S.K.: 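Sharing a structure with you now.
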Amino acid sequence: MTEVKGFTSRIVHHDRRQGFTDGPVHAPIYNSVPYGYETTEGLIDVFQGNAVGHAYARQSTPTIDSLQSMITQAEQAVGTIVFATGMAALSAAFFALLKQGDHLIASKYLFGNTHSLLTTLENFGIEVSFVDTTDAEQVKQAKRDNTLMVFAETIANPGTQIADLAAIGDWCEAQGLVFFVDNTITSPYLFNPKTVKAGLVMNSLSKYFSGHGTVLGGAITDTGFYDWQEYPNIFTSYRKGDTKKWALTQVKKKALRDMGGTLSSDGAYQIAVGAETMALRMDRACSNALALANLLNTHDKVAKVYYPGLAEHPQHDQAKQWFKHFGAILSFDLQPKYDSATLLNNIDLVINATHLGDNRTLALPMASTIFYEMGPQNRQQFGIGDQMIRVSVGIEDCDDLIAAFQAGLDKL
Ligand SMILES: *Cc1c(COP(=O)(O)O)cnc(C)c1O
């Protein structure tokens, strides 16, 4: 079979090359929990890692393997482990690779649950510094003797701040630190964090990757960039074989096996089917988002629009250089005299829902929902205005979306 280079060509021709018997074009759903062997020695070899195979579905199935290899290809990386959710993937990576007394530098603009998870790490004696990663200098200044890792998202939500990915990656390389990037909002179609020297990548498969809002999943991918021989926390028993696989082996054994946040084969199958149209969906959702950002940006009832595709966005030039498109998340502040709930009630096409990366456009006011618990003072610090609305732009026909927002704003 000739090599294909394009993102979608590789994905849609991926499954039938996985060596399944009878030539299925889609990876079959393997629902068996145990895997049996003709001889006892066969099972022993799998247990001892001397033969490739499956033993128990908490750790792997052929369907899971197929999805992992698809994600590895999409990220142009060396290996992937999948989990039941994005949060399971993140907690697995942090708990398997950090220990008491280590220091992590993290973006202060994080997905809320990730921020919450990192404060839990602090309870286990892992030090965490939250810094403004749009400024690489702040990351550098946070370094301590015990720093091992820097963690950032590509485009943060709801404020759409973009970390100074290239400068942070260069610095991590020079310092021997692991650069760990959450690529969920961009997806591997818009961006491969490997290009900015990330060693580890997380994708929530619940979002753009699967795309249809019908399944949860998460993945940790090793790009092959970081040399794990330099990393102090790899256990002796995993320091063997290909050095590029050491960290993932530890994540698989210490987190997936021991903590058990396993993705089902049914879930993996749905994610793989959804991923086939990732590029088509993202092209459409991102161009819709740009059109909507332009409408909102010129509307006199809107005070401010947060979208990396606008020339006045503080990291517009970097976004243009690094990402294929500017993403499909945008936020905006209404002028203070208008009420965000009233506007959203005016727009029938848009669904009042949290979540990102559905095919349908979803929106919600920020201060009264996701950021309600935080209180007004903290909201101000994170740049969450009282009338801020976040929109996860879907793949509806652009004219319908624009007309719906235009009519909703006019009616205010
Ligand atoms: C949704 C999301 C997560 C968590 O993913 P789940 O699959 O919902 O657990 C992590 N990071 C970002 C940026 C997200 O948007």
Side-chain angles (χ1 to χ4, degrees), residues 1 13-73 75 77-85 88-89 91-99 200 205 215-222 224 227-229 231-273:
M1 188 72 70
H13 288 280
H14 169 268
D15 273 348
R16 69 190 166 102
R17 294 177 183 173
Q18 296 304 300
F20 294 111
T21 51
D22 304 324
V25 167
H26 296 269
I29 303 172
Y30 280 73
N31 276 336
S32 181
V33 173
Y35 287 80
Y37 288 82
E38 291 295 326
T39 64
T40 313
E41 288 76 10
L43 182 63
I44 291 172
D45 280 343
V46 169
F47 259 84
Q48 296 189 357
N50 302 321
V52 180
H54 306 280
Y56 189 65
R58 180 165 13 87
Q59 285 197 68
S60 66
T61 71
T63 319
I64 293 290
D65 268 7
S66 172
L67 176 64
Q68 288 177 165
S69 107
M70 181 192 277
I71 298 167
T72 300
Q73 276 201 26
E75 286 290 1
V78 298
T80 298
I81 307 288
V82 294
F83 295 86
T85 66
S91 34
F94 289 127
F95 279 105
L97 297 173
L98 295 173
K99 64 172 182 4
L200 292 176
L205 308 175
V215 60
L216 291 160
I220 299 295
T221 296
D222 192 319
D227 180 2
W228 295 101
Q229 284 172 282
Y231 198 75
N233 292 354
I234 305 290
F235 296 103
T236 316
S237 41
Y238 308 134
R239 290 183 171 269
K240 59 180 184 199
D242 184 357
T243 57
K244 290 190 185 345
K245 299 277 166 74
W246 288 5
L248 279 190
T249 302
Q250 184 154 315
V251 168
K252 184 169 174 182
K253 301 287 183 187
K254 286 290 149 189
L256 183 64
R257 185 194 62 189
D258 294 1
M259 297 196 260
T262 305
L263 179 65
S264 69
S265 288
D266 293 276
Y269 169 81
Q270 267 201 65
I271 291 165
V273 171

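Remember, it's a predicted structure, so these values are computed and weren't measured experimentally.
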S.K.: For the backbone of A96 and the side chain of Q250, can you confirm whether one donor and one acceptor N or O come within less than 3.5 Å of each other?
M.R.: yes

S.K.: For A92 versus A255, what's the shortest heavy-atom pair and its separation?
M.R.: CB-CB, 3.3 Å

S.K.: Starting at CG of L216, measure out to CG of L205 and round the result to the nearest 0.5 Å.
M.R.: 9.5 Å

S.K.: One pair to check against side-chain contact (heavy atoms from CB on, under 4.5 Å): K253 and Q59. What are the steps and the verdict?
M.R.: CA-CA 8 Å; K253 301 287 183 187; Q59 285 197 68; 3.8 Å; yes

S.K.: Would you please classify the geometry between the H26 ring and the Y269 ring as parallel, tilted or perpendicular, with 30° and 60° separating the classes?
M.R.: perpendicular

S.K.: Under 3.5 Å, is there a donor-acceptor pair between the side chain of W246 and the main chain of Q229?
M.R.: no

S.K.: Going by heavy atoms in the side chains, are K254 and F95 under 4.5 Å from each other?
M.R.: no

S.K.: Would you indicate whether Y37, at its atom OH, is surrounded by more than 12 heavy atoms from other residues, nucleotides or ligands within a distance under 6.0 Å?
M.R.: yes

S.K.: So, R16 versus H13: side-chain donor-acceptor pair below 3.5 Å or not?
M.R.: yes

S.K.: Given T61, which partner from the list S264, S265, S32 fulfils the side-chain hydrogen bond (donor to acceptor under 3.5 Å, both in side chains) test?
M.R.: S265

S.K.: Which heavy atom of L97 sits nearest a heavy atom of W228, and at what distance?
M.R.: CD1-CH2, 4.4 Å

S.K.: For I234 and R239, which heavy atoms make the closest approach, and how far apart are they?
M.R.: O-NE, 3.1 Å

S.K.: What's the shortest heavy-atom distance between T221 and A77, and which atoms?
M.R.: CG2-CB, 3.3 Å

S.K.: Can you find a heavy atom in the side chain of I81 that is under 4.5 Å from one in the side chain of F83?
M.R.: yes

S.K.: Counting C-beta onward and ignoring hydrogens, is there a side-chain heavy-atom pair between I220 and L248 closer than 4.5 Å?
M.R.: yes

S.K.: If you count the non-hydrogen atoms of other residues, nucleotides and ligands that lie under 6.0 Å from NZ in K99, is the total more than 12?
M.R.: yes

S.K.: Using a 3.5 Å distance criterion without hydrogens, assess whether the side chain of D45 forms a donor-acceptor pair with backbone atoms of N50.
M.R.: no

S.K.: Whether the side chain of S66 engages the backbone of P62 through a donor-acceptor N/O pair (distance < 3.5 Å, no angle test) should be reported.
M.R.: no

S.K.: Checking D266 against N31 for the side-chain contact (heavy atoms from CB on, under 4.5 Å) test, could you report, in this order, the C-alpha distance in whole Å, the side-chain angles of both residues, the deciding distance, and whether it holds?
M.R.: CA-CA 8 Å; D266 293 276; N31 276 336; 3.2 Å; yes

S.K.: If we count only N and O atoms by modelled type, under 3.5 Å, do the side chains of S60 and D65 hold a donor and an acceptor together?
M.R.: no

S.K.: Okay, side chain of H14, backbone of M70: is any donor-acceptor separation there less than 3.5 Å?
M.R.: yes

S.K.: Give a yes or no answer on whether the side chain of Q18 reaches the backbone of A27 with a donor-acceptor pair at less than 3.5 Å.
M.R.: no

S.K.: Hey, does the side chain of T63 reach the backbone of Y30 with a donor-acceptor pair shorter than 3.5 angstrom?
M.R.: yes

S.K.: Would you mind reporting whether V82 and I64 have side-chain heavy atoms less than 4.5 Å apart?
M.R.: yes

S.K.: How close do Q270 and V215 get, heavy atom to heavy atom, and via which atoms?
M.R.: OE1-CB, 3.9 Å

S.K.: Is there a side-chain contact between R58 and R257, using heavy atoms and a 4.5 Å cut-off?
M.R.: yes

S.K.: Minimum heavy-atom separation for T262 and A84, please, with both atom names.
M.R.: O-CB, 3.5 Å

S.K.: Does a side-chain heavy-atom distance below 4.5 Å link D222 with L200?
M.R.: yes

S.K.: Please examine the side chains of L263 and L67, heavy atoms only from C-beta on, and report whether any two atoms are closer than 4.5 Å.
M.R.: yes

